[in-house]
Amino acid sequence: MHAYRSHTCGELRAEHVGQIVKLSGWVHRKREHANALFIDLRDHYGISQVVVYPTAQFYEAAKRCPSESVITVTGELLKRDEEAVNAEIPTGAVELRADEFIIESGAAPLPLPVFGEQDYPEDIRLTHRYLDLRRETLHKNIIMRGQVINSLRRRMIEGGFTEFQTPILTASSPEGARDFLVPSRLNPGKFYALPQAPQQFKQLIMVAGFDRYFQIAPCFRDEDARADRSPGEFYQLDVEMSFVTQEDVFQAIEPVMAGVFEEFADGREVQTPFPRIPYKESIEKYGSDKPDLRIPFELTDVSEFFTDESKTGFGIFAKITNGGGKVIAIPAPGATDNQSRKFFDSLDKWAKKEMQAPGLGYARLRKEEDGAVVSQDPALKNFDPAHLKALLEKMGLSAGDGVFFSAGKTNDAYKLAGAARNKIAADLGLIPEGVFKFCWVVDYPMYEWDEDNKKIDFSHNPFSMPQAPEGKTAMQVLEEADTDEKKLDILAYQYDIVCNGVELSSGAIRNHKADVMYKAFEIAGYGPEVVEDKFAGMINAFKFGAPPHGGIAPGVDRIVMLLAGTNTIRDVILFPMNGQAQDLMMNAPAQVDKAALKELNIKTVAVDPKA
RNA sequence: GCGGGUGUAGCUCAGUUGGUUAGAGCGCUGGCCUGUCACGCCAGAGGCCGCGGGUUCGAGUCCCGUCACUCGCGCCA
């Protein structure tokens, strides 16, 4: 018989009764009864019940054996009495009578209970990640992650894509985040960068004449964490294709995304085809370029209703709208009827505190005896009746509903309105579960106004191809944009996939023409030397025959996160770092030996706590 | 860098208006129980109330500072 097991803890059934079997696993739970000790023995595959009778000479040892010790038990598999069958588990019809009992590895008192699904502090979970990973939910998530990646890989290969491996030690890449730097021993004073994405490499793979590239690619960015953003590193399904239009990329990727979500949906609905929403429309309707389409209401620009103070009696919004700002209405369906004043006040408080905004005005809409809908709250209280009626029609709201107003500079007003839309929907319970609503967000602007530096800059990836109307070239479009206003109106072949308000991916048709690239950078205020210095590998390659190409890079961690039904990215990563980008289990980052630094020609300096 | 929340037993949490010896559940230890499967019953151990300072006759509770974790803003496709 095998040293450790004849079966796994998940496979024994009635048909095995009478056999001598051997199981190894962890002591999950123990129940001592007058005439028998029951042990739930757990491994990767399941749980089997072991019964130890007091007559066994190892009874005391088994009884004292702590939870999560690893044991090996040999004995006869017994059929359970009818009344004793546990229908909850697949192995519930049988139990293993322990005739031999070996403690392979005892467990010390646990800092983190494995049994049960209770929530525990993040730092303890991360420090003892191997214990947390023994728990059912996390264990399942990690298994699913593997299956999702297998599925993505299979679907890409079936779609005619080839998997490539690009360098980890490389030069700084153009994604705009902070780089992780690695000192070079052989080149004193010089550093590699870890790739923020294999962006330039995958484009160079196209220039090299390969056609359909993909990679489950590790990406490294030294930016602060969020609940849905792991610090330091994450994985993308990185894709690039030659001789394609934006439409070709959509046709290649939409079935992969829809397919993998359907495969793991487990009863949840996946809506296809994915609607396409222009960036501008997304901002105007949802206050965000990652709209949650499950939310059954949209924003309305009501600025025009507040410009004339004589009709509104409300000076604050008049001042904002006349100063070029906007007032955006966010509906709260049914909230006047169903919610207390506290609900409305708490959102205002949330806007001030968490969003660091001036505030979020609100109005509760009630019906007067004569049938007119009015509000006693400040923003609408003194409205001219006909004017109020027109406003309510514009917003599509009636008595019983509530409405919030986000007011300020255009970008700020939409940003707050978008966040408020998400929060209001969540607080009112208006976000349906059990459905994945995707969309493509398209037609991103090529440039945006950089308020800090008072200049035009790239809004996203500088390597996107500017859109040009039929009969015009991209170069012509760039050359004809002779004012800031015209420059800001240029759109790019740049797109995102969003699912349930989670940004899964962005991609673009690339700018593969060297001369257009120089011009595009010139508009953003960068001379040719910047292009040549920063993106030497790519711009040189483009001078030797580059195919038109484009691609996309859906985030693997976020795909798994959505499928696992969690909104914490750490729940789908095997060994994640904490919010401060520390690995509490491995104790990284850490100081290194002076000798190691010397070899790398590096000196560390003390940080002045006051600086 | 900024803002919100949290911090009380190994873990999850309660702790009133500032008032005597800080509680419960889970876990742990010991005992009991003829079959449990979140077993049950009895008993026990276990506390720098995150840390430092202040107010007060008296602080888990109020104030100031600080640290840790977490969520968000900035940042980041």
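Labels below follow one simple rule: chain letters A, B, ... track the order of the sequence lines, proteins then strands, and each chain is numbered from 1. Please read all numbers here as calculations on a predicted model, not as lab measurements.
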Check for me whether A:R510 meets the cation-pi criterion with A:F463, that is, NZ or CZ under 6.0 Å from the six-membered ring centre and within 45 degrees of the ring axis.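 No, A:R510 does not lie over the aromatic ring of A:F463.
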
Taking the [atom1] atom of each, how far is [N] from [M], in whole Å?
{"N": "B:A59", "M": "B:C13", "atom1": "P", "value": "28 Å"}
{"N": "B:A9", "M": "B:C49", "atom1": "C1'", "value": "10 Å"}
{"N": "B:G7", "M": "B:C62", "atom1": "P", "value": "11 Å"}
{"N": "B:G44", "M": "B:G53", "atom1": "P", "value": "36 Å"}
{"N": "B:U12", "M": "B:C57", "atom1": "P", "value": "37 Å"}
{"N": "B:U61", "M": "B:G50", "atom1": "P", "value": "8 Å"}

Check whether any side-chain N or O of [X] sits under 4.0 Å from OP1 or OP2 of [N], and answer yes or no.
{"X": "A:R570", "N": "B:C71", "result": "yes"}
{"X": "A:N35", "N": "B:C33", "result": "no"}
{"X": "A:R31", "N": "B:C39", "result": "yes"}
{"X": "A:R226", "N": "B:C73", "result": "yes"}
{"X": "A:K415", "N": "B:G74", "result": "yes"}

Would you mind checking if [Y] and [X] are paired as a salt bridge, meaning a charged N to carboxylate O distance below 4.0 Å?
{"X": "A:K202", "Y": "A:E240", "value": "yes"}
{"X": "A:D571", "Y": "A:K140", "value": "no"}
{"X": "A:E136", "Y": "A:R42", "value": "no"}
{"X": "A:D40", "Y": "A:R29", "value": "no"}
{"X": "A:E247", "Y": "A:R276", "value": "yes"}

Using atom types as modelled, flag every donor-acceptor pair under 3.5 Å from a side chain in residues 84-92 of chain A to any protein atom, sequence neighbours excluded.
{"from": "A:N86", "atom 1": "OD1", "to": "A:E88", "atom 2": "N", "distance (Å)": "2.9"}
{"from": "A:T91", "atom 1": "OG1", "to": "A:I47", "atom 2": "O", "distance (Å)": "2.5"}

The dot-bracket string of RNA chain B, counting Watson-Crick and G-U wobble pairs with both distances under 3.5 Å, using [ ] for crossing pairs and | for pairs to another strand, is (((((((..((((.....[...)))).(((((.......))))).....(((((..]....))))))))))))....

Has the side chain of A:E32 got a donor or acceptor atom sitting under 3.5 Å from an opposite partner on the base of B:U36?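 Side chain to base: no pair present.
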
